[in-house]
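For reference, the structure is listed below as structure tokens.
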Amino acid sequence: MCAILQPHRSSKFGRGRERHRAVAGTRRGAVRRRDPPVDEAFLGSRRGAARSIRLRARLGARPRRAVSVGAMTSIVLFTNDLRLADNPALAAAIAAGPVVPLAVDDPREHGAWPLGSAARAWRALSLASLARSLEERGAWLAYRAGDAAEHAAAIARETDARAVHAAAAIEPDRAAWQRRLREALAREGVALVAHAPNLLHEPEALLTQAGRPHTVFTPFFRALVSRVAFAAPLPAPARIAVPAKRPASMPLPEPAGAPPALLDAFAQGEAGALAAADRFFSELVATYEDLRDVPSVEGTSRLSPHLAHGEISVRELARRAERVARESADPRAVFGAQAFLRQLAWREFAYHLLHHVPHTPSRPLKPEFERFWWERDEHVLRAWRQGLTGYPLVDAGLRELAATGWMHNRVRMVVASLLTKDLMQPWADGAVWFWERLVDADLANNTLGWQWVAGCGADAQPFFRVFNPVTQSRRFDPDGAYVRRWVPELARVPSRWIHAPWVAPPHELEAAGVRLGETYPLPLVDHAVARARAIEAFRALRSSM
DNA sequence: TGCTTCTTGTC
DNA sequence: ACAAGAAGC
Ligand SMILES: Cc1cc2nc3c(=O)[nH]c(=O)nc-3n(C[C@H](O)[C@H](O)[C@H](O)COP(=O)(O)OP(=O)(O)OC[C@H]3O[C@@H](n4cnc5c(N)ncnc54)[C@H](O)[C@@H]3O)c2cc1C
């Protein structure tokens with residue numbers, strides 16, 4: 001058993017778990033509760049055999065005090081949940097009375113992982129969209145920069161608010177920030193009320209038979225599907241009452257540093273997220289299984305940045321996917337919806353791991369990898385970042401990332417494999433670059449993805465599973481459309497040679513206007529040699545235990 | 001949600 | 001010569 005299995009026991013979900021238990025009544029394996037807090041009922045709940053249990057569980061998802069609109073002013077602190085629909089914190093505040101929506105850019109929130117440039121630009125655009133939606137409903141967003149505790153306390157004094165509602169944080173730095181916020185506000189007589197985060201499951205409640213956190217995806221997935229009833233999403237509010245006094249707002253941040261093609265690739269904000277979901281379920285779900293590994297086409301939902309910024313509720317997505325899986329007459333749509341749910345489950349798994357093992361963003365889940373002798377070569381790292389490795393599929397992916405802030409999942413795996421295995425660079429260096437450039441940068445998903453490819457994660461692929469960047473290119477981009485789009489200097493190379501131009505006959509390259517080493521680099525490493533070297537290194541690591 | 005090499009069976 | 005499958009990394 002590896003160290004990952006030493007669960008981090010501090011629960012952020014205490015009350016929710018108890019409720020969960022009260023509803024379903026079957027939890028064994030007491031997990032001690034140290035810390036607060038989802039203060040309000042967690043939205044997920046155990047799927048009982050009896051329908052009544054499920055119904056009750058779903059009713060439990062509603063804010064408890066939603067009897068009538070009250071008179072108590074509250075602040076809603078938006079962090080990475082930039083939406084109005086199915087936003088439990090917002091719903092609870094509206095039920096209590098007038099609302100001050102607040103967003104603060106506070107470096108303390110992010111600790112070691114300050115937002116990267118692409119995510120910052122996305123957030124700026126998303127905040128602007130959120131501010132407009134709030135205005136349409138009669139409310140105004142207060143935007144501030146600096147210490148969130150000071151701003152929230154000042155606004156509370158100004159508007160006589162007694163509570164700050166927010167989604168419970170899972171990322172360790174954000175959770176620590178939220179704890180300090182809770183304490184600071186308590187000193188002012190203001191309660192921080194934490195609500196269910198944007199997840200389907202509750203990490204403290206969905207444990208293995210042995211009462212431990214899950215570390216293997218398939219049993220986790222089975223448990224998620226069979227034991228958790230996804231809560232019905234809350235509707236978006238039609239009107240939002242505001243207090244008499246309007247707190248000052250700074251001008252919203254500018255979307256500086258946005259990837260150049262960001263606006264062509266995505267529409268930021270809740271409306272854009274809903275449009276992407278609509279498109280997925282109406283047009284893409286039936287071909288999802290066939291096309292989701294083909295990077296040249298839009299075969300996946302591209303919802304990841306919307307989810308990363310909380311512009312759409314994962315419960316809403318799961319509900320729609322379940323409906324298609326249950327009701328569609330088209331078997332391809334049924335399979336597509338199931339496959340999509342499985343992807344959402346990977347996201348759940350990533351958050352499960354991050355919650356239970358908060359050091360995972362910087363340390364391998366398999367402890368033997370702490371001793372691994374990664375190489376550090378600034379030169380190859382820079383070539384990789386710039387998309388100049390000489391492997392066309394890899395370079396295409398890294399350039400898609402630079403241009404749009406997003407990269408297709410299949411290509412993420414291949415570029416990560418090349419960096420960590422062929423080039424033997426630390427997976428964390430790759431994760432930092434993704435963090436800087438992805439609009440969907442997500443600490444849980446990014447960490448899981450990198451550790452999975454590098455082989456040091458929970459349920460990761462074994463070390464000897466090394467992607468061949470040429471085979472992957474031939475298999476998933478057979479006509480080279482993806483490479484041509486993102487590596488224009490190879491656009492005229494025939495499909496037969498585009499995946500590995502260095503083996504092309506010279507006259508073919510010349511006809512395509514390619515001079516290897518000048519217009520496009522020769523491969524940084526010989527994959528066959530690099531693969532053998534990496535496997536040998538990992539084998540040595542294993543036998544030195 | 002791999003890849004490579006080696007073996008066997010077919011023509 | 002090559003497809004299909006097994007085994008090992
Ligand atoms: C090295 C590496 C790094 C990654 N970094 C991130 C990251 O920072 N942020 C991020 O959101 N995803 C990350 N992923 C996961 C995955 O590549 C993206 O979620 C996916 O490509 C998003 O595209 P989509 O929305 O069209 O996905 P779809 O196929 O439409 O899937 C729907 C949703 O499921 C979730 N999902 C899908 N695949 C995964 C997965 N493998 N792991 C976790 N969740 C998943 C995402 O939220 C996604 O939006 C990473 C993967 C790898 C291999």
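By convention in this document, chain letters (A, B, ...) are assigned in the order of the sequence lines, proteins followed by strands, and residues within each chain are numbered from 1. Quick caveat: nothing in here was measured; it's all calculated off a predicted structure.
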Legend entry - Centroid-centroid under 6.0 Å between A/F220 and A/W346 rings: no
Inset, instruction - Round to the nearest Å and state the distance from A/D290 atom CG to B/dT1 atom P. - result: 16 Å
Legend entry - Electrostatic pair A/R399:A/E489 at N-O distance under 4.0 angstrom: yes
Inset, instruction - Could you tell me the separation between the CZ atom of A/R465 and the C1' atom of C/dA7, rounded to a whole number of Å? - result: 14 Å
Inset, instruction - Run the salt-bridge test on A/R83 and A/E311 with the 4.0 Å N-O cut-off and return the result as yes or no. - result: no
Legend entry - A/R319 bridged to A/E316 by N-O distance under 4.0 Å: yes
Collect all protein-nucleotide pairs involving nucleotides 3-6 of chain B in which both atoms are nitrogen or oxygen and the distance is under 3.5 Å.
{"unit_1": "B/dC3", "atom_1": "OP1", "unit_2": "A/N468", "atom_2": "N", "d": "3.2"}
{"unit_1": "B/dC3", "atom_1": "OP1", "unit_2": "A/Q472", "atom_2": "NE2", "d": "3.2"}
{"unit_1": "B/dC3", "atom_1": "OP2", "unit_2": "A/R475", "atom_2": "NH1", "d": "3.0"}
{"unit_1": "B/dC3", "atom_1": "OP2", "unit_2": "A/R475", "atom_2": "NH2", "d": "3.0"}
{"unit_1": "B/dC3", "atom_1": "O2", "unit_2": "A/R531", "atom_2": "NH2", "d": "3.4"}
{"unit_1": "B/dT4", "atom_1": "OP1", "unit_2": "A/N468", "atom_2": "ND2", "d": "3.0"}

Legend entry - A/L418 CG to B/dG2 P, straight-line distance once rounded to whole Å: 16 Å
Legend entry - Separation of B/dT1 P from A/F221 CZ (nearest whole Å): 14 Å
Legend entry - pair A/F467-A/L418: side-chain heavy atoms closer than 4.5 Å: no
Inset, instruction - Can you tell me the distance, in whole Å, between the CH2 atom of A/W346 and the P atom of B/dT1? - result: 11 Å
Inset, instruction - Take the protein atom CZ of A/R342 and the nucleotide atom C1' of B/dT1, then report the distance between them rounded to whole Å. - result: 9 Å
Inset, instruction - Using distance alone, with no hydrogens and no angle criterion, decide if A/Y520 and A/D395 have a side-chain donor and acceptor under 3.5 Å apart. - result: yes
